[in-house]
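My questions all concern the structure below.
Atoms within a ligand are numbered from 1 in the order they appear, just like the ligands themselves. Just so we're clear, the structure is a prediction, and the values are computed from it rather than from any experiment.
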Amino acid sequence: MTDSKIPYDQASRDIFKGAGELSVATIWQRMADLDPQCGFGLLGNCCSNCNLGPCRIDPFGERAEVGACGATIDTIAARNLVRSIAAGCAAHSDHGRELVLHLAKVAQSINPSAEIKEPEKLKLLAQEMNIKTAGEEFRTVVEKVSEACLSQFTRHEGGAQFIKRAPQKRQEIWTELGITPGGIDRDIVEVLHRTNIGVDNDYQNLLFSGMKAALNDGWGGSMIATELTDILFGSPQPVRSQVNLGVLKKDAVNILIHGHEPIFANSMADMAQNKELLAKARERGAEDINIAGICCTASELLMRKGIPVAGSFLQQELALMTRAVDLMLVNYQCVMPSLANFARCFQSYIFTTSPKALFPGIEYVDVESNPDQEAEKLINLAIDAFEKRKNKAVNIPTAKMDVVAGFTPDNIRYHLGGYFRGSYRPLNDNIANGYIRGIAAIVGCDNPKMKSGEGHIQVVKELLKNDVLVIQTGCAATACAKEGLLKPEAAFEFAGAGLQQICEAIGIPPVLHNGSCVDNSRILLECAEMVKEGGLGEDISELPVAAAAPEWMSEKAIAISWYAVASGVLTVLGAPFRITGSQAVYKYLTQDIEQLVGGKFVFEADPLRIAHIMIEHINDQRAKLKLQPMKYTPKSDTVAVGNI
Ligand code: NFS
């Protein structure tokens, strides 16, 4: 295995070293075993949508130029791509639906106010949705909000609720193109319908249906998930915590919560504070009950409760290899089925708490009807497991890092604008006057095909050097947090002189952690707020902002990148979609689409070039807006990016 194909951070490397001796195959080994991956698949030249296939289009044009039904490579590439978009949207949106159904359940509970952390935010949402709050019983408001949110999934008429939060000009662009998102379920179903054999064969028309579904992820399902999670479990505020495998403790009961679902994760985190359980753990020799997260559930818990993050997507197996995990709970999304074997090998209890996400070798626990009771049982089990392993050797790496997380569109307003006159004015002003060059969103997965975390770090360091304020979510945020980029002190070490001064004055890190992957919807709102504040153009596409997912792998990342582009943002991906077999689709995504929606894709693997493509775009936007020259010249490497 080449050096770039092993984990980047030291903690992961420490554990990874042992994998060979133990003869366990981690994701890096499995990837190596698959090498070379299918060339037709990588180009997107394969269609298996019906039983005439699988049809493989010859990239050299010597044999089949079309599929058995006559579909061209353009149709096949676009069809495959929009199916992936729909799958990503379905994942985020179904996550959002879980929150809506939970809110509906809370409305029926004995005391809804006791279960809703942010009643004021709920009322604001109710008003936004034209639901009467004055003089209404709280329970009725909760009920009506949950019904209104549920109707966002099933509606057949009218546009999605939250698109009204987008700038007017952006809404007009969507209307003109016919891609204003409607009902969430409907938009996803329509993509699946159109991609059946013999339905939609026009690649541009197919991509339009994909954009519509994607917009219904960012401004629909994901935004609903974020809103309701904040309402139910509290809006995040900046909070200090720690990240990396070193957050596991030899002398504590270690419980890892992995996946994306935040509801039961919150029950577990609360139950871990239970005095009787803590006393019991201490009686059995533990110092503490240590809850930590993996993947996006980790970001949810970090943002609202300051619970440490043990690792990203790529660290889930490594966490079990420490032999220090007494119990791992998984739910849906980004959970490797290989964990069953790892848990068996390294003697950790593992359960899934989502009936939608079952795994051979992992037992399902139904936590729906009595979450507190189930959380208590599971913690008791973890205490038993700790007692059995407490005198055995563990292999916990020492590396861990401080992180400050918990930034949102609402609290950015106060941090940047002051508590008495919170607004986006100071942010816009500091961009306009050249202290901050612009904003970059660096999001998405970490991926063993690329540099396993290093890609994010290199991109972000280069952006910071060039006075670009960075916003992150998910595994990308975890990767950079492990490197120490998400603590306020990082501004002194990594930021250019202009950005450094702003971060120092306000006391924020130069990289703002916005939460989990569904919380990318927060970034859309931050862009909308910047437009609303004025002085940086009338639409998101005019802002000096850019986005990148340097190590993307999930279909959810595909959906995110599409709603970013369809919202007007230049988006750089560390690897192309599997469409490169179609020159027409490739050109459409990287060039033509910009004329329509203002955003486009750039595919670039090299992290430094990714950063400079974004910087160049931000510079162009600054020039078009006639903003002041940058105050300071960065000590940056010169990287030629060529034509983008
Ligand atoms: Ni998002 Fe990728 Fe998964 Fe979360 Fe991590 S891999 S696209 S960041 S955990 S969803």
| How about Q458 and E454: does a side-chain donor come under 3.5 Å of a side-chain acceptor? | yes
| said: Heavy-atom distances under 4.0 Å decide this one: backbone, side chain, both or neither, for H260 against ligand 1? | reply: side chain
| N, O or S atoms of the protein lying under 2.8 Å from atom 1 (Ni) of ligand 1 | C517 SG
| Is it true that the side chains of T408 and R522 contain a donor and an acceptor less than 3.5 Å apart? |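 No, because no side-chain N or O of T408 sits under 3.5 Å from a partner of the opposite role on R522.
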| task | Check side-chain contact (heavy atoms from CB on, under 4.5 Å) between E555 and all other residues, then give those that pass, not counting sequence neighbours. | result |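 Scan of E555 (side-chain contact (heavy atoms from CB on, under 4.5 Å), adjacent residues dropped) gives S84, A87.
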| remark: Partner of T226 under side chain to side chain donor-acceptor pair (under 3.5 Å), picked from S521, S516, S235, is S521
| task | Would you mind reporting whether P262 and H95 have side-chain heavy atoms less than 4.5 Å apart? | result |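 In short, these two side chains touch, coming nearer than 4.5 Å.
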| said: Test salt bridge (Lys or Arg N to Asp or Glu O under 4.0 Å) on E227 and R165; report intermediate values, then the result. | reply: CA-CA 13 Å; E227 287 285 332; R165 295 175 171 188; 2.7 Å; yes
| Between F233 and H102, what is the ring plane arrangement, given parallel below 30°, perpendicular above 60°, and tilted in between? |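 Because their plane-to-plane angle is under 30°, the rings of F233 and H102 count as parallel.
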| said: So if I count the atoms of ligand 1 from 1 in the order they appear, which ones are less than 4.0 Å from some heavy atom of M553? | reply: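 Those of ligand 1 that fall under 4.0 Å from M553 are 6 (S).
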